[in-house]
Enquirer: 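I am attaching a structure below and will ask some questions about it afterwards.
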Amino acid sequence: MAIINVTFPDGSKKEFAEGTNIREVAKSISGRLAKEALAAEVNGKIVDLNYQLKEDAAVKIFTFQDNQGKHVFRHSSAHLLAEAVLNLFPDTKLGIGPAIEDGFYYDFDSEHTFTPEDLEKIEAEMIRLGKEKQEFTRKELAKEEAVEYFNDKDEDYKVELIKDFPPDEIISTYTQGNFTDLCAGPHIPNTGYIKAVKLLSLAGAYWRGSEKNPQLQRIYGTSFAKKSQLEEYLEKLEEAKKRDHRKLGTQLGLFTLVEEGPGFPIFLPKGMVLRNLLEDYWRKEHVKAGYLEIKTPIILNRGMWERSGHWDHYQENMYFTTIDEQDFAIKPMNCPGGMLVYRQEQHSYRELPLRTAELGLVHRHEMSGALHGLMRVRAFTQDDAHIFMLPEQITDEIKGVIDLVDKFYKKFGFSYHVELSTKPEKAMGSDETWEKATDALELALKEKEFDYVINEGDGAFYGPKIDFHLEDCLGRTWQCGTIQLDFLMPEKFDLTYIGEDGNKHRPVMIHRVIFGSIERFIGILIEHYAGAFPTWLAPVQAKILSIADRNNEYAHRLAKEMSENGLRVEVDDRNEKIGYKIRQGQLAKLPYMLIVGDKEENDKTVAVRKRSEGDIGAVSVGQFITDMLAEIAGEAR
RNA sequence: GCUGAUGUGGCUCAGAGGUAGAGCAGCGCACUCGUAAUGCGCAGGUCGUCGGUUCAAAUCCGACCAUCAGCUCCA
């Protein structure tokens with residue numbers, strides 16, 4: 001029998017007899033690994049533990065600690081879910097059931113509408129089946145056999161999937177107990193591993209993600225190797241929900257969402273302070289980066305929107321109005337206004353790149369089901385800019401914008417990921433133009449050495465884009481910044497510049513936003529800081545709390561002095577105990593509370609209580625103001 | 001828009017056919033207080049909206065609106 005050389009991730013090597021399976025390999029390393037092993041990677045391919053080695057191989061064994069191990073574990077959990085559902089609701093047809101970040105789901109087609117109570121029953125059934133320790137066994141079959149097998153079981157969706165595979169594809173199925181599913185695998189050894197499982201929610205999901213297809217019932221769940229891990233996870237979810245910007249927004253008095261204006265958030269005084277600070281910072285940075293600020297109207301006439309292509313390509317998202325019997329539209333984007341600005345005068349190649357920026361309020365008709373706090377609204381302000389440039393300036397300008405986005409996000413401590421979105425179905429312009437634009441964006445990303453994923457067909461109707469995504473408290477990502485390269489709009493509006501040769505040429509343009517929408521960015525910001533804003537951003541930077549009524553005058557005198565120094569201060573002069581005032585201040589997440597009683601009044605000091613550190617002792621008023629201004633200047637830089 | 005769930009005072013929630021209740025917040029009074037909730041009292045709700053069933057509806061039924069989760073779509 002042949003000897004096989006196995007190399008492990010740490011570089012160590014071991015010899016095994018041909019046909020040895022991974023379980024035995026794990027056992028040879030340690031009993032514990034054999035117990036915890038879920039799946040393995042052999043020469044780059046993910047396999048089951050009973051995969052038999054046939055040649056020399058690099059072997060990695062995965063446990064629940066590894067992402068791959070988790071993934072396999074959750075995928076097997078999805079199979080267990082399907083088995084449980086079929087046991088309880090035999091007429092159910094199966095869609096697909098993959099592992100996802102933090103869990104898994106399975107899509108079902110059933111006459112019966114699942115209820116939250118059903119989820120409990122299904123969960124109990126999963127646990128029961130888990131106790132049976134049913135083994136997952138793999139079987140390979142030819143395409144026709146597979147079609148026949150699933151046809152017999154009336155699994156229409158599975159048949160549809162198989163029919164889309166290439167003709168010579170080897171199809172595999174996995175069976176546990178008397179449940180068999182179409183699946184590439186791999187899977188964990190048996191269902192007994194799944195001891196901690198929780199079905200979390202129920203939702204409709206279109207078959208293969210298309211609105212045109214029937215809607216299936218999707219059950220979401222998660223599972224862990226140990227009960228304690230599940231509990232920890234559920235606790236973490238609860239904690240994350242406390243950071244929800246919708247909750248904190250009301251609690252902290254930043255904004256409000258009312259039934260009278262779905263998707264039209266109302267900003268309250270404290271929210272406006274935050275918003276204005278962001279805009280101030282934005283303006284400062286944009287002047288530095290060579291942008292000129294403009295403001296274009298919210299309403300423009302029909303002809304202009306026809307020219308821009310929005311009338312044909314974006315109508316379903318737009319709001320309309322009539323003025324003096326003429327059609328007008330409320331802008332869903334700022335670009336056409338930007339075009340009108342460029343067209344105001346003749347431009348020389350010497351002026352380019354010309355960077356015009358606009359904090360523009362746009363309105364878009366979003367589907368009612370898509371609305372979400374400040375993250376997805378129907379009216380929002382984009383921190384827009386349109387850069388008009390020579391073709392040879394494209395890469396540098398894109399790189400400049402990438403740097404600016406990075407600077408902004410780093411300032412707030414955001415981590416983000418980048419996507420490159422390509423030509424959508426509803427697009428203007430030729431494939432060549434699109435390809436040219438997409439290549440230019442890709443080149444800039446490569447030169448910047450950014451990791452990015454390609455988002456097919458998700459570009460704007462006038463051009464491809466680089467999207468910057470930020471995460472909310474639950475790890476859902478939202479597109480914020482975007483850079484779009486556009487050869488078409490300058491054409492549509494017949495934009496020109498006079499080149500070195502004295503002739504007219506067509507400029508290229510970039511549409512870009514950094515925050516994306518101020519509203520969305522604020523939503524992310526609230527969740528990121530859990531409402532505890534750094535001092536420079538805090539709507540109220542310090543609150544002065546008086547100990548007794550007789551200290552109120554001193555408190556107000558201090559407040560006046562601090563306000564005159566540009567600090568945002570409030571006084572709590574209510575006739576309440578200091579512990580109570582402090583509690584409320586702490587819940588309001590104020591960076592500083594200044595407690596003033598007889599002692600402070602006599603010494604002309606304030607007793608400082610810092611949000612993060614508690615009581616830090618008394619300092620003179622002047623000293624406190626100086627320190628705070630220094631802190632703010634440092635943060636706001 | 002689709003699927004499911006939810007909607008009770010400013011906020012968090014109880015009440016599940018007999019005509020609305022608590023805590024917090026608010027207001028008043030007393031206490032004048034030293035680092036996360038002082039006590040007492042008062043006021044506040046056409047129970048999302050409209051319609052139906054019933055002697056009687058917050059409660060049962062229907063439609064609509066809004067919100068939440070997900071799908072789809074997007075900054």
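Computed from a predicted model, the values in this text were never measured in an experiment.
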Enquirer: OP1, OP2 of A69(B) versus side-chain N and O of R246(A): anything below 4.0 Å?
Expert: yes
Enquirer: Sort out the partner of A25(B) for me: Watson-Crick or G-U wobble, both distances under 3.5 Å, none otherwise.
Expert: none
Enquirer: Give me the residues of residues 203-214 of chain A where at least one heavy atom lies under 4.0 Å from an atom of RNA chain B, by number, or none.
Expert: A203(A), G204(A), A205(A), Y206(A), G209(A), E211(A)
Enquirer: For nucleotides 34-48 of chain B, give me one character per nucleotide, 5' to 3': B if any protein heavy atom sits under 4.0 Å from the base, S if the only such contacts are to the sugar-phosphate, - if neither.
Expert: BBBBB----------
Enquirer: Check the angle between the aromatic planes of Y462(A) and H310(A) and answer parallel, tilted or perpendicular using the 30° and 60° thresholds.
Expert: tilted
Enquirer: Remember a base hit wins even if backbone is also touched, and classify M375(A) as base, sugar-phosphate or nothing at under 4.0 Å, heavy atoms.
Expert: base
Enquirer: Sorted by first residue and then second, give each ring-ring contact (aromatic ring centres under 6.0 Å, His included) pair with at least one member in residues 569-619 of chain A; sequence neighbours left out.
Expert: Y592(A)-F624(A)
Enquirer: Calculate the interatomic distance between F255(A) atom CZ and C11(B) atom C1'; express it in whole Å.
Expert: 15 Å
Enquirer: Quick one: pull up CZ in F461(A) and CE in M428(A) and give me the separation to the nearest 0.5 Å.
Expert: 5.0 Å
Enquirer: Please determine, for G7(B), whether a Watson-Crick or G-U wobble partner exists with both distances under 3.5 Å, and give it or none.
Expert: C65(B)
Enquirer: With sequence neighbours excluded, tell me which residues meet ring pair (Phe, Tyr, Trp, His ring centres under 6.0 Å) with Y157(A).
Expert: W207(A)
Enquirer: Considering heavy-atom distances to RNA chain B, does L374(A) or D244(A) have its closest nucleotide positioned more toward the 5' end?
Expert: D244(A)
Enquirer: Starting from P on C73(B), measure out to CZ on F380(A) and report it in whole angstrom.
Expert: 17 Å
Enquirer: Please name all residues satisfying side-chain contact (heavy atoms from CB on, under 4.5 Å) with L587(A), sequence neighbours left out, ordered by chain then number.
Expert: R583(A)
Enquirer: Which salt bridge (Lys or Arg N to Asp or Glu O under 4.0 Å) pairs, counting each pair once, include a residue from residues 408-419 of chain A, with sequence neighbours left out?
Expert: D406(A)-K410(A)
Enquirer: Is there a Watson-Crick or G-U wobble partner for U32(B) with both distances under 3.5 Å, and if so, which one is it?
Expert: none
Enquirer: Which pairs pass salt bridge (Lys or Arg N to Asp or Glu O under 4.0 Å) with one or both residues in residues 469-482 of chain A, sequence neighbours excluded?
Expert: D472(A)-R476(A)
Enquirer: Taking pairing as Watson-Crick or G-U wobble with both contacts under 3.5 Å, can you name the mate of U59(B), or confirm there isn't one?
Expert: none
Enquirer: What is the distance from OH of Y106(A) to C1' of U3(B), rounded to the nearest Å?
Expert: 19 Å
Enquirer: Base, sugar-phosphate alone, or nothing: which one does T250(A) contact when heavy atoms must sit under 4.0 Å apart?
Expert: nothing
Enquirer: Under 3.5 Å, which donor-acceptor pairs link side chains of residues 248-261 of chain A to any protein atom two or more places apart or in another chain?
Expert:
{"from": "T250(A)", "atom 1": "OG1", "to": "R246(A)", "atom 2": "O", "distance (Å)": "2.7"}
{"from": "T250(A)", "atom 1": "OG1", "to": "K247(A)", "atom 2": "O", "distance (Å)": "3.3"}

Enquirer: Using Watson-Crick or G-U wobble geometry with both distances under 3.5 Å, which nucleotide pairs with U53(B)?
Expert: none
Enquirer: Does anything in residues 465-480 of chain A reach RNA chain B, meaning a heavy atom under 4.0 Å, and if so which residues?
Expert: K465(A), R476(A), Q479(A), C480(A)
Enquirer: Go through C71(B), C73(B), A75(B) for me and flag the one nearest to the T482(A) side chain.
Expert: A75(B)
Enquirer: Is C2(B) paired to anything, Watson-Crick or G-U wobble with both distances less than 3.5 Å, and if yes, which nucleotide?
Expert: G70(B)
Enquirer: Partners of R218(A) by salt bridge (charged side-chain N to carboxylate O under 4.0 Å, His left out), sequence neighbours excluded?
Expert: D107(A)
Enquirer: Verify the contact: side-chain N or O of R574(A) to OP1 or OP2 of G26(B), cut-off strictly under 4.0 Å; return yes or no.
Expert: yes
Enquirer: Using a cut-off of 4.0 Å on non-hydrogen atoms, how would the nucleic acid contact of Q382(A) be classed: base, sugar-phosphate, or nothing?
Expert: sugar-phosphate
Enquirer: Sequence neighbours left out, what pairs pass salt bridge (Lys or Arg N to Asp or Glu O under 4.0 Å) with at least one residue falling in residues 591-609 of chain A?
Expert: R550(A)-D598(A)
Enquirer: Who passes ring pair (Phe, Tyr, Trp, His ring centres under 6.0 Å) against F320(A), sequence neighbours left out?
Expert: W311(A)
